[in-house]
Amino acid sequence: MKKPMADLHVHTNFSDSTFSPEQVVKTAAEVGLSAIAITDHDCVDGIEPSIKLAAQYSLEIIPGIELTVDNEGYEVHMLGYFVDWQDQAFRTRLKTIQDSRINRIYKMTELLRAQDVDITAEEVFNVAGCGSVGRLHVARALMEKGKVRSMDEAFSRYIGASGPCYVEHLSFTPKEAIELLRSAGGVPVLAHPRVTRNDRFVPEFVTYGLRGIEVYHTDHDRSAEKRYLKMAQKHDLLITGGSDCHGIGKGRILLGTVMVDYALVKALREESDRIKRAG
Ligand code: AMP
Ligand code: ZN
Ligand code: FE
Ligand code: FE
């Protein structure tokens, strides 16, 4: 029998994937996955529809999230697994973050207009649809209007972290993010550390309650995998991995390209149970 495999990092159009929960679930089933974690940016609204749709396939949905965190000027992405997505206090906090993302789009489009790029916040919201809005939506709106030729150009000319139209996220520290996830019973896991270059902060994050590290990721090569495996052993952290699929939002469909053993899902579930019991 085929070994059950999981993809622990998948976005929907409730953040910045071009795929609806229906397309995500269908594609995941087609590529033979047994479980996927829905990890939208600062949003849990894609979880319930995904769970409902997955019932038609033998696909398990792991409730997750990817929080955007500011570590004194360095962007950090913090994944949370088996979060209680129905928890009211958690959802209220997420609403504040989503509102600040909306505000950020007004600021970014104002900066774009100051660069003579004709674009409005409403045009970005139309691209985004539901859930949390972000720079990938700005980039798509710029492409659709013919203001840039590629997503890369949108980031390199305007909205990349050092671009003239970049606006920071709401200030949210790693400690706050880890505590928020744990308060909702979620297992905090550092996302793609090679991409965000936060290796050196791992020991500090562990003191706040970090419990895992994303070892396998589309943008991690073999040497990064080896490095993070070692780091996980050293700090007694759980190992996770996923494709970070954004539909066709990042050029190609990544579902099915990064898979991990289902045993890792069990370890995450047990850790979440421990966090929930410890209250
Ligand atoms: P935001 O949360 O609004 O800051 O947007 C983050 C999204 O933009 C994530 O999906 C990133 O992977 C994506 N992103 C960040 N920088 C770039 C870049 N230079 N090129 C393409 N996508 C990027
Ligand atoms: Zn994204
Ligand atoms: Fe990320
Ligand atoms: Fe992601």
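Computed from heavy atoms alone, side chains included, the values below leave out hydrogens, waters and symmetry copies.
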Can you find a heavy atom in the side chain of [X] that is under 4.5 Å from one in the side chain of [Y]?
X      : Y      : answer
Pro193 : Leu190 : yes
Arg135 : Phe155 : yes
Phe90  : Val44  : yes
Pro164 : Leu111 : no
Asn71  : Thr173 : no
Ile38  : Pro63  : no
Ile36  : Val24  : yes
Val148 : Tyr158 : yes

Give me the atom names and distance for the closest heavy-atom approach of [X] to [Y].
X      : Y      : answer
Pro188 : Leu210 : O-CD1, 3.6 Å
Ala54  : Ile61  : CB-CG1, 3.6 Å
Ala28  : Leu59  : CB-CD2, 4.0 Å
Val69  : Pro174 : CG1-N, 3.2 Å
Ala35  : Ile62  : CB-CD1, 4.0 Å
Val83  : Gly186 : CG1-CA, 3.7 Å

Under 3.5 Å, side chain of [X] to main-chain N/O of [Y], donor-acceptor pair present?
X      : Y      : value
Tyr166 : Met108 : no
Ser50  : Gly46  : yes
Thr109 : Thr120 : no
Ser243 : Cys245 : yes

Using 4.0 Å as the upper bound for N to carboxylate O, is an ion pair formed by [Y] and [X]?
X      : Y      : answer
Arg197 : Glu75  : no
Arg91  : Asp87  : no
Arg113 : Asp118 : no
Lys26  : Glu22  : no
Lys266 : Glu270 : no

For this session: Apply side chain to side chain contact (heavy atoms under 4.5 Å, CB included) to Asn126 and list each qualifying residue two or more places apart in sequence or on a separate chain.
Result: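 If we apply the side chain to side chain contact (heavy atoms under 4.5 Å, CB included) test to Asn126, skipping adjacent residues, there are no hits.
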Problem set entry | Non-neighbouring partners of Ala224 that pass side chain to side chain contact (heavy atoms under 4.5 Å, CB included), sequence neighbours left out | Arg194, His220, Asp221, Arg227, Tyr228
Rounded distance (nearest 0.5 Å) linking atom [atom1] of [X] with atom [atom2] of [Y]:
X      : Y      : atom1 : atom2 : value
Met231 : Asp199 : CE    : CG    : 4.0 Å
Gln98  : Asn103 : CD    : CG    : 13.5 Å
His169 : Leu67  : NE2   : CG    : 11.5 Å
Glu110 : Ile105 : CD    : CD1   : 13.0 Å
Phe82  : Leu268 : CZ    : CG    : 6.5 Å
His9   : His246 : NE2   : NE2   : 6.5 Å

Same cluster (ILVMFWY, side-chain, under 4.5 Å), [X] and [Y]:
X      : Y      : value
Val167 : Phe172 : no
Leu112 : Val127 : no
Leu136 : Leu79  : no
Ile178 : Leu238 : yes
Tyr57  : Val10  : yes

Does atom [atom1] of [X] have more than 12 heavy-atom neighbours from other groups under 6.0 Å away?
X      : atom1 : answer
Lys226 : NZ    : no
Arg222 : CZ    : no
Lys230 : NZ    : no
Ile248 : CD1   : no

Problem set entry | Set of residues satisfying salt bridge (charged side-chain N to carboxylate O under 4.0 Å, His left out) with respect to Glu271, sequence neighbours excluded | Arg211, Arg274
Exercise. How about Tyr74 and Phe201: are their ring centres within less than 6.0 Å of each other?
Worked result: yes
Exercise. Does the gap between the ring centers of Tyr106 and Phe125 come in under 6.0 Å?
Worked result: yes
Under 3.5 Å, is there a donor-acceptor pair linking the side chains of [X] and [Y]?
X      : Y      : result
Asp40  : Thr12  : yes
Ser20  : Asn13  : no
His137 : Asp16  : no
Glu66  : His192 : yes
Asp152 : Ser150 : no

For this session: Apply the salt bridge (charged side-chain N to carboxylate O under 4.0 Å, His left out) test between Asp42 and each candidate in Lys95, Arg93, Arg104, Arg101; give the one that qualifies.
Result: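 That would be Arg101.
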Exercise. For Ser34 and Met5, what are the C-alpha separation, side-chain angles and deciding distance, and is it a side-chain contact (heavy atoms from CB on, under 4.5 Å)?
Worked result: CA-CA 6 Å; Ser34 297; Met5 301 298 277; 5.7 Å; no
